[in-house]
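Reading through the structure tokens given below for one structure.
FYI, side chains are in, hydrogens and waters are out, and symmetry mates aren't considered; it's all heavy atoms of this structure.
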Amino acid sequence: MAEPERTTERKLRPAPLLFEPSEAATDPEHFFDLESIEDPRELLARATELTLAFRAAQERAVEFQALAAAQLADPRRFDRLPPAAIAAEAEWTEDYARKMIEFGESLQREAGPDRS
């Protein structure tokens, strides 16, 4: 699982992730057309772009998970969920759910009062 800590570095601008045609997605050897790149420098450059893009996407997804967890646990909600229920829904441990809720609350505070 990803750590629910925000890095002080600002987000990298990832390379665009191009959607793969459905027939290519069924081929286990096909991955964003990397297998067709013959020049090792070009392959390294594109694979690095994809790595950075996936890292950036993963970081943003974790932030959205944390925001959702904080919103679901918000005591002002009549239908709020306890950390155990959030953990079960997200397939986390209860301790990790608590950390994600705290992380989400910190993200909400950073965003300002109109985001909560």
(request) Please answer whether the main-chain N or O of Phe31 pairs with a side-chain N or O of Glu35 as donor and acceptor at a distance below 3.5 Å. (result)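 A pair under 3.5 Å: yes.
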
(message) Do Leu43 and Leu50 land in one hydrophobic cluster if side-chain heavy atoms of ILVMFWY residues count as linked below 4.5 Å?
(response)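 Looking at the clustering, Leu50 is in the same group as Leu43.
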
(request) Start with the C-alpha gap between Leu72 and Arg80, add the side-chain angles, then the distance that decides, and say whether side-chain contact (heavy atoms from CB on, under 4.5 Å) holds. (result) CA-CA 5 Å; Leu72 289 169; Arg80 75 175 179 259; over 6 Å; no

With rounding to the nearest 0.5 Å, note down the distance linking [atom1] in [X] to [atom2] in [Y].
X	Y	atom1	atom2	value
Glu49	Leu34	CD	CG	10.0 Å
Glu102	Lys99	CD	NZ	8.5 Å
Ile101	Gln65	CD1	CD	12.0 Å

What heavy-atom pair brings [X] and [Y] nearest, and what distance separates the two atoms?
X	Y	result
Gly104	Leu67	O-CD2, 3.8 Å
Pro83	Ala97	O-CB, 3.6 Å
Phe103	Ala66	CD2-CB, 3.4 Å

(request) Under the side chain to side chain donor-acceptor pair (under 3.5 Å) rule, collect the residues that match up with Arg41, sequence neighbours excluded. (result)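 Here no residue qualifies.
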
(message) According to side-chain contact (heavy atoms from CB on, under 4.5 Å), who are the partners of Glu89, at least two apart in sequence or on a separate chain?
(response)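 Partners of Glu89 by the side-chain contact (heavy atoms from CB on, under 4.5 Å) criterion, ordered by chain and then number, come out as Leu81.
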
(message) Aromatic contact between Phe32 and Phe54, with the criterion being ring centroids under 6.0 Å apart: yes or no?
(response)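 Yes, the ring centres sit under 6.0 Å apart.
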
(request) Assess whether side-chain contact (heavy atoms from CB on, under 4.5 Å) is satisfied between Asp74 and Gln71, documenting all intermediate values. (result) CA-CA 5 Å; Asp74 188 336; Gln71 291 170 359; 5.6 Å; no

(request) Could you tell me which residues satisfy salt bridge (charged side-chain N to carboxylate O under 4.0 Å, His left out) with Glu94, sequence neighbours excluded, listed by chain and number? (result)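 Salt bridge (charged side-chain N to carboxylate O under 4.0 Å, His left out) list for Glu94, sorted by chain: Arg98.
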
(message) Go through it in stages, so that I can follow the logic: the residues are Arg60 and Glu63, the test is salt bridge (Lys or Arg N to Asp or Glu O under 4.0 Å), and I'd like the CA-CA distance, side-chain angles, deciding distance and then a yes or no.
(response) CA-CA 5 Å; Arg60 287 292 290 152; Glu63 289 177 354; 2.9 Å; yes

